[in-house]
Amino acid sequence: MFSQRCSRLVASRTSIPLTSYLTRVARPYSAAAPAYKNILTSTPKPGVGLSMSLEDLTLNRPKALNALSSPLFKELNEALSKYDEDKSIGAIVITGSEKAFAAGADIKEMAPLTFASAYTNNFIAPWSHLANAIRKPVIAAVSGYALGGGCELALMCDIIYCSSNATFGQPEIKLGVIPGAGGSQRLTHAIGKSRAMELILTGKNFSGKEAAEWGVASKVVDGGRDELLEEAFKTAETIAGYSRVAVLAGKEAVNKSQELSLREGVEYERRLFHGLFGSKDQKIGMTAFAEKKKPEWSHE
């Protein structure tokens, strides 16, 4: 089972009761979590001398295959923001059910919209809160369908792990629209113009294996959702075990590579690198290395 240093925030369309699911996957200690309608959350207590280092988020609209809606994203954004502000947390995992990470946006919500209502209310803009505002590393653990908005949600995350049964796609063209939460941009950055153009204009899906081969996902995990989550938690716990300051800087530097030229990116990276010499953790890490000791990070 996972270390007591892990905790989870889960949004799932599975019919498995939350209590029994946590018995299998989470740690034996848990604290009260906010009650949400569209996502499930659980925050175990840290072990003695340890700090809570990982959060896991699960989507919870099983009857709709975790279809993404404005109410769901409102809760998701609130939960993510709380975890981002919590100094004891070092990484976040977002997952869904075995059958669907998220099978797209809620068509019932979108169908009656007009241009005026969508434009004036800035519909779907809050869905990018994860990409625009969350500074801590976020791992998407994708099992089953990740289509449309579900694919875009996964692409907003910093790392994607997927199971062998994962299916990605941007099928919006079949509904008379195009991706609206960054799919045309992030997918193109990940796999190139030609392949992204083909997928977006045909609405074809692609497999978890293809996602890994094309650079969309970091790893394909054989087995079920539990095996997938175990791998995601291992990586998240590893990240959470390093200096929070250095991890935030590393994420920031990599994200800037998607926006800047190579020269500008290298210069930006160097400024962050220089800045880290003003942190306590730089002194702790380098001193521990020289003395062949394990660093005890201050996260300052």
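In the hydrophobic cluster analysis, where Ile, Leu, Val, Met, Phe, Trp and Tyr join through side-chain heavy atoms closer than 4.5 angstrom, Ile107 is grouped together with Leu113.
With 3.5 Å as the limit, one finds no donor-acceptor pair spanning the side chains of Asp281 and Ser279. Side chains of Thr167 and Asn205: no donor on one and acceptor on the other come within 3.5 Å. Neither side chain, Thr235 nor Thr238, offers a donor N or O lying under 3.5 Å from an acceptor on the other. Side chains of Glu264 and Ser261: a donor-acceptor N/O pair is present below 3.5 angstrom, by distance only. Ser70 and Glu109 share a donor-acceptor pair across their side chains, judged by distance under 3.5 Å alone.
For Phe277 and Phe273, the gap between ring centers is short of 6.0 Å. If you look at Trp214 and Phe206, their ring centroids are closer than 6.0 Å.
The pair Glu78-Lys74 does not count as a salt bridge, with every side-chain nitrogen at least 4.0 angstrom from each carboxylate oxygen. Under a 4.0 Å N-O distance rule, the pair Lys219/Glu231 qualifies as a salt bridge. The existence of a salt bridge linking Glu98 and Arg225 is excluded, since no basic side-chain nitrogen approaches an acidic carboxylate oxygen closer than 4.0 Å. Salt bridge Glu267/Arg263: present, at least one basic N to carboxylate O contact under 4.0 Å.
Residue Asn38 comes nearest to Glu75 through the heavy atom pair N-OE1, 2.8 Å, listed as atom of the first residue, atom of the second, then distance. Nearest heavy atoms, Val142 versus Leu228: O-CD2, 3.4 Å.
Between Ser218 and Tyr161, some side-chain heavy-atom pair lies under the 4.5 Å cut-off.
Formation of a donor-acceptor pair under 3.5 Å by the Asp158 side chain with backbone atoms of Lys251 is not found in this model.
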